> 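Pasting a structure here, questions to come.
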Number of protein chains: 2
Amino acid sequence: MILLNSIDLLAFTDIFQLSNSHLLLTTEIAQADPSIVLAGVLLSAVTIYFAAKLGGEICAAFDFPSVLGELIAGVIVGVSVLHFLVFPEGGIEAGDSLIMQFLQMTTDLSPENVAVTFHLQSEVISLLAEIGVIVLLFEIGLESNLKELMEVGTQALTVAIIGVIAPFAAGTAGLMIIFNIPAIPAIFAGAALTATSIGITSRVLSEMGQLTSKEGQIILGAAVIDDVLGVIVLAVAASLAKTGEVDVGNVIYLIISATGFLVGAILLGNVFNRSFVKIVELLKTRGGLIVPAITFAFVMAYLATAIHLEAILGAFAAGLVLDETDRRKELQRLVEPVSDMLVPIFFIAVGAKTNLGVLNPINPENREGLIIAAFLITVAIIGKVLAGFTVFGQPDLDKLAIGVGMIPRGEVGLVFVAVGASSGVLSPALEAGIVVMVIATTFIAPALLRVVFKSNEETVEASSEIPSVAETTS
Amino acid sequence: MILLNSIDLLAFTDIFQLSNSHLLLTTEIAQADPSIVLAGVLLSAVTIYFAAKLGGEICAAFDFPSVLGELIAGVIVGVSVLHFLVFPEGGIEAGDSLIMQFLQMTTDLSPENVAVTFHLQSEVISLLAEIGVIVLLFEIGLESNLKELMEVGTQALTVAIIGVIAPFAAGTAGLMIIFNIPAIPAIFAGAALTATSIGITSRVLSEMGQLTSKEGQIILGAAVIDDVLGVIVLAVAASLAKTGEVDVGNVIYLIISATGFLVGAILLGNVFNRSFVKIVELLKTRGGLIVPAITFAFVMAYLATAIHLEAILGAFAAGLVLDETDRRKELQRLVEPVSDMLVPIFFIAVGAKTNLGVLNPINPENREGLIIAAFLITVAIIGKVLAGFTVFGQPDLDKLAIGVGMIPRGEVGLVFVAVGASSGVLSPALEAGIVVMVIATTFIAPALLRVVFKSNEETVEASSEIPSVAETTS
């Protein structure tokens with residue numbers, strides 16, 4: 001079952017920790033001076049906010065989603081380049097962290113406490129990042145409308161299912177036939193191709209004001225369903241890798257609990273929102289709206305985790321529920337600064353934890369991985385774009401945009417890598433190949449989405465200029 | 001120097017950890033499942049917000065500061081009563097935490113990982129509490145005006161100095177003469193009497209809309225100076241307890257760095273605020289005002305920690321600096337929801353960590369402590385009230401209110417206890433006595449302040465009704 005828990009966001013890093021430097025750590029938590037841990041967290045936060053603003057502003061200046069800038073800035077301050085913000089994974093030690101070195105210079109941090117201080121502050125930042133993406137999905141849930149989401153339900157379902165089957169089948173088959181990779185690792189790599197990063201997709205859509213567009217709604221709905229399917233696919237792939245056979249009972253449990261959770265949340269939406277408003281109206285002290293709202297989001301996130309779904313699904317459901325209330329506008333205004341403070345921690349952390357070392361072709365070990373990566377990236381993009389074009393009965397929808405919206409694998413893809421790595425079925429080359437695929441799709445998608453939606457707008461303008469033609473063509 | 005670092009807020013608990021259960025912990029951080037740690041943090045946060053709202057609303061309904069309700073609610077959910085939210089201190093184990101027991105029932109938390117999961121989630125909550133009080137003091141800094149604070153500077157300085165000397169002298173002398181306690185422990189207990197909890201005082205004042213009143217400004221200024229003096233007094237007491245003599249060089253270093261920091265921050269205020277506004281105007285993406293502002297607060301908090309002051313002093317200074325900008329109103333609106341989410345964590349944690357066990361007179365061990373406590377409480381209250389009456393040349397000021405405002409020792413007082421405990425000079429009875437004094441002053445003050453300011457308002461109304469009398473009396 002640890003495999004299922006480990007699907008939680010960013011968990012992959014901690015699995016790496018398990019298999020690496022963490023085991024070398026014998027110092028006890030006790031020895032860490034709390035005020036120095038605080039100082040380390042403050043320095044990390046300052047680095048994160050500085051990088052996020054710089055990267056985000058530059059990208060925005062070039063009319064690209066600022067989240068892309070945050071991801072890139074994260075890579076620059078992280079393990080790949082500057083080593084300001086590094087996390088104990090892949091053999092990274094406290095000594096590799098510039099922030100820890102700076103702490104040693106400016107505080108009384110004694111050498112024997114560096115390791116434990118490093119691990120504790122990394123733990124806190126990783127957890128703040130997880131809370132950040134929980135708040136992000138809560139906000140996305142508030143912005144999106146349950147009824148509109150239901151209307152596109154069938155399209156979203158098709159996009160999600162095809163978006164899982166197509167890359168999985170093509171990826172697995174291709175790896176077995178072209179690269180002669182045995183079945184189980186091939187299936188695992190195929191499974192990694194099915195993921196969609198709801199965090200990145202939704203943030204980009206929201207930034208471009210496309211979240212409430214029909215395309216945006218389909219992408220969001222499909223990404224949510226994809227997250228649920230991803231949990232199941234990973235469970236299957238993992239039990240295959242572990243025992244060579246599928247744990248059917250577990251899969252059935254997952255399907256039932258996942259469906260039950262989402263349906264339950266939707267039904268709850270029509271009942272709870274009224275009682276929520278009643279409760280809120282009773283509260284007279286400060287924070288009488290934001291505190292109950294985020295408490296509700298945390299409760300739902302906890303419930304999702306407890307039934308082995310992702311915490312973010314619970315937070316998203318909570319947002320959808322409260323979206324139905326008449327305090328929604330005010331709530332959105334209040335959540336905004338909170339998410340402005342927390343969300344960048346998530347995206348900078350994702351970037352900082354991304355090790356671009358695997359992209360270096362001078363290192364011969366990387367070459368085979370890069371060839372596999374080239375194949376996986378092609379399948380990853382074509383598979384999801386294909387899924388976009390399966391949207392039926394909507395001639396005037398930008399199907400390309402829908403497909404592109406499903407491309408980023410992000411942190412979810414990396415969870416697959418982590419589970420694969422810990423199961424030991426992946427060869428170094430294949431693992432590197434998957435990592436490169438995840439990185440590429442994650443960084444390409446925001447840029448691509450921007451381009452697609454831009455051209456989309458232009459064509460809309462064009463068609464509106466000459467309606468007669470638009471009519472005849474349709 | 002560890003003694004000085006340990007003065008940081010809430011650090012006392014971690015010193016207890018050092019001396020207690022933490023040392024028993026041999027499990028490694030690595031073994032904790034990150035998604036279960038997240039689940040634990042989510043459950044703790046839900047408990048905190050539920051308790052904070054319930055307690056705060058009840059107190060507000062009876063027209064008392066809601067912070068009092070939060071402190072009491074914290075005691076109820078904490079180690080003293082319900083054991084929902086407990087922290088690894090004073091021999092508390094993971095098994096004592098109802099949240100951990102609940103996690104074991106609802107997740108795959110394996111018995112051997114309970115301890116490390118408990119410690120990690122406690123670490124995260126403690127750190128969020130520290131960030132909470134940092135944001136609180138930043139907000140208080142934004143609400144208060146540097147110029148007005150400077151105007152009452154001399155009065156504040158007198159109140160602070162008398163408020164340190166009076167309780168220290170009376171406390172130390174009394175303990176030596178009445179209770180025949182040796183010099184060094186007596187001096188330590190006296191030192192604990194000098195503290196003032198700026199967190200509790202400022203929150204109560206802000207809730208009652210008294211922060212900008214002349215009394216409020218004097219209390220706040222005195223509390224800030226008292227925090228600086230406290231750092232020095234603790235250093236003296238600690239080095240006395242350790243070596244039997246005072247480390248003069250260290251004391252001089254502290255006085256210089258503390259003064260330098262505060263003066264520097266004030267000078268900075270007249271230069272940086274303009275450049276800050278310029279920077280903010282360049283930012284076009286979301287969070288363009290709140291993120292730079294809180295980043296600045298974190299930088300100042302880090303600097304304060306680095307020179308062995310409290311992080312909250314840096315955050316307060318940052319607030320004062322940005323208070324000078326013309327974006328202040330907007331910034332206050334944005335900081336409010338962030339502080340609404342973070343600040344309750346601090347007050348609930350303070351309450352939850354307060355063990356009322358020492359108040360139980362049925363336990364014979366407590367009796368001597370309670371007798372000492374009765375004496376200490378008297379000195380603690382009289383000493384600070386006396387300091388309030390030293391305000392000169394302000395006949396129409398409510399000097400009683402000023403004195404009462406300085407009464408709560410709160411978390412700062414507990415830091416003294418913790419350092420004393422770790423130095424081993426305090427007898428169990430004396431330590432218990434100090435703890436009871438800290439608890440009593442912390443919980444009495446908010447209620448007392450409310451009463452004093454209420455009567456104050458009434459007299460003002462009365463005097464305004466018959467101004468002639470008011471004139472003749474003055």
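Numbered from 1 within each chain, the chains take letters A, B, ... in sequence-line order. It should be emphasised that the depicted structure is a prediction, and the values quoted were computed from it without experimental measurement.
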> Please look at B/L342 and chain A and tell me whether the side chain, the backbone, both or neither of the residue comes under 4.5 angstrom of a heavy atom of that chain.
neither
> Name the residue from A/E139, A/E70, A/E143 that meets the salt bridge (charged side-chain N to carboxylate O under 4.0 Å, His left out) definition with A/R203.
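It is A/E70, the one option of A/E139, A/E70, A/E143 that forms the salt bridge (charged side-chain N to carboxylate O under 4.0 Å, His left out) with A/R203.
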> So which of B/L283, B/I290, B/I48, B/V299 has the largest heavy-atom pair count under 4.5 angstrom toward chain A?
B/L283
> Which bit of B/E336 is near chain A, if near means a heavy-atom gap under 4.5 Å: side chain, backbone, both or neither?
both
> Chain A heavy atoms under 4.5 Å from B/L43: which part of the residue, side chain, backbone, both or neither?
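Looking at B/L43, just its side chain touches chain A.
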> Considering non-hydrogen atoms only, spot the tightest contact between B/C59 and B/S66 and give its length.
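Reported closest heavy-atom pair: CB-CA, 4.2 Å.
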> Which one of A/V291, A/I307, A/V124, A/V37 has the most heavy-atom pairs closer than 4.5 Å to chain B?
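Option with the top pair count is A/V291.
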> Using non-hydrogen atoms only, which part of B/V41 is less than 4.5 Å away from chain A: side chain, backbone, both, or neither?
side chain
> Under 4.5 Å heavy-atom distance to chain A, tell me which part of B/T106 shows up: side chain, backbone, both or neither.
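Both parts, backbone and side chain.
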> Does any N or O in the side chain of B/Y49 come within less than 3.5 Å of the main-chain N or O of B/M341, such that one atom is a donor and the other an acceptor?
yes
> Please check: side-chain N/O of A/E57 versus main-chain N/O of B/K284, any donor-acceptor pairing under 3.5 Å?
yes
> For the interface with chain A, which of B/V343, B/L334, B/V335, B/I131 has the highest count of heavy-atom pairs at distances below 4.5 Å?
B/L334
> Is B/K53 close to chain A through its backbone or its side chain, or both, or neither, when contacts mean heavy atoms under 4.5 Å?
side chain
> Under 3.5 Å, side chain of A/Q121 to main-chain N/O of A/S44, donor-acceptor pair present?
no
> Only pairs of heavy atoms separated by less than 4.5 Å count here; which of A/F296, A/F50, A/F102 has the most with chain B?
A/F102
> Got A/I140 and A/L211 here, is their nearest side-chain heavy-atom distance under 4.5 Å?
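The answer is yes; the side chains approach within 4.5 Å.
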> Under 4.5 Å, counting heavy-atom pairs only, tell me which of A/L103, A/T285, A/L282 racks up the most with chain B.
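It is A/T285.
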> Among the options A/G40, A/G56, A/G287, A/S110, pick out the one with the most heavy-atom pairs lying under 4.5 Å from chain B.
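If we count pairs closer than 4.5 Å to chain B, A/G287 comes out on top.
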> In the structure I gave you, are the side-chain heavy atoms of A/I134 and A/F298 within less than 4.5 Å of one another anywhere?
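With C-beta onward as the side chain, the pair touches.
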> Examine the side chains of A/R286 and B/S339 and answer whether a donor and an acceptor come within less than 3.5 Å of each other.
yes
